[in-house]
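Let me begin by presenting the structure, written as structure tokens, before commenting on it.
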Amino acid sequence: MALSVVDLYTKILPKTNCRDCGYPTCIAFAGMVVSEKLPLKNCPHIAPDVLTDAQAELTAQYAQGKWLKKDMAAEALSQARGKAGDIPLKEIAQRVGSILEDANTSGPFQGTPHIRLPYFNTHLLATKERVTDAGGKDLTRNEQTFVYIHLAAGGTAAPSGRMKSLKEFPNTVSKVKSMESHVEAPLRKAFGGKPEALKASCEALGGTDVGDRYEAPDLAYQFRVFPRVYVTLLFWDEKDGFGADAKLMFDDTVMDHMDIEAVMFMSEHLCNRLTSTLE
Ligand code: SF4
């Protein structure tokens, strides 16, 4: 019989809240055991035979995934990878403007068909199972999810050159605030009074100076994130008592190539990479 948090608390644990397990209460410890596989033996006050039987029950329910805390990042990656995996690599490569490398190609995936996908100032390698950097090192799960979402999106539109802010796209109201707090505010804080540092960071990441297309901002850099996905950063430095400002603009075809969550990931990723050069 499976053991829920309540079962564990009421039937197995001593309910003394002694804290010897490192948790303030028995119920808190029970929650960690059931949802995060904390070893039951971390409570030293359970009789050995009870401990053995209860741990066996727990092991069985873990195997079924029962009551386990969901690994959201793993689930998201699995879903995105599954969607991309349903499409032939050759078709994906043509659609996203990348190269399908075959078994004869040298490099980390020699012998395995994979896509060589331009990405900022470098390139990625993607098989049906994993996405790595140019040297064959796995990207983080979130970044792999982002790449697979793009590969699976199905869009074929070439960039139009018409750049729009996030709020100009439909159904983005809930994300505009996140863009402000997670992207624009950190950029303002990091680079206010330091436009030269921002310029250097943009160029190190492969950004192209497009200042001639905009009159108002002090800096404008465009990034080719993927061959068909472009983002432009506009930056106004502190002046006359006014603070700095930063805004990301997206090609109006961007939603053809990814969903809104991926646009947010891309924006935060760009922000993190730019600001990391200051650390
Ligand atoms: S060590 Fe055991 S009895 Fe003490 S608080 Fe933790 S679970 Fe409860």
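Given the structure is predicted, the values throughout are model-derived calculations rather than measurements. Just so you know, ligand 1 is whichever comes first in the structure, and atom 1 is the first atom listed for that ligand.
Take a cut-off of 2.8 Å around atom 8 (Fe) of ligand 1: the protein N, O or S atoms inside it are Cys26 SG.
Applying the salt bridge (Lys or Arg N to Asp or Glu O under 4.0 Å) test to residues at least two apart or on different chains, the pairs with a partner in residues 32-45 are Glu36-Lys69. The list of salt bridge (Lys or Arg N to Asp or Glu O under 4.0 Å) pairs with a residue in residues 2-13, not counting sequence neighbours, reads Asp7-Lys11.
Aromatic pair His123/Tyr119: ring centres not closer than 6.0 Å. Aromatic ring centres of Tyr230 and Phe223: separated by at least 6.0 Å.
A salt bridge links Asp245 to Arg188: at least one charged side-chain nitrogen sits closer than 4.0 Å to a carboxylate oxygen.
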Name every donor-acceptor pair, under 3.5 Å, that has one atom in a side chain of residues 192-210 and the other anywhere in the protein, sequence neighbours excluded.
from: Lys194; atom 1: NZ; to: Ala190; atom 2: O; distance (Å): 3.3
from: Lys199; atom 1: NZ; to: Tyr221; atom 2: OH; distance (Å): 3.3
from: Ser201; atom 1: OG; to: Ala197; atom 2: O; distance (Å): 3.1
from: Ser201; atom 1: OG; to: Leu274; atom 2: O; distance (Å): 3.4
from: Ser201; atom 1: OG; to: Thr277; atom 2: OG1; distance (Å): 2.5
from: Glu203; atom 1: OE2; to: Tyr221; atom 2: OH; distance (Å): 2.5
from: Asp209; atom 1: OD1; to: Gly211; atom 2: N; distance (Å): 2.8

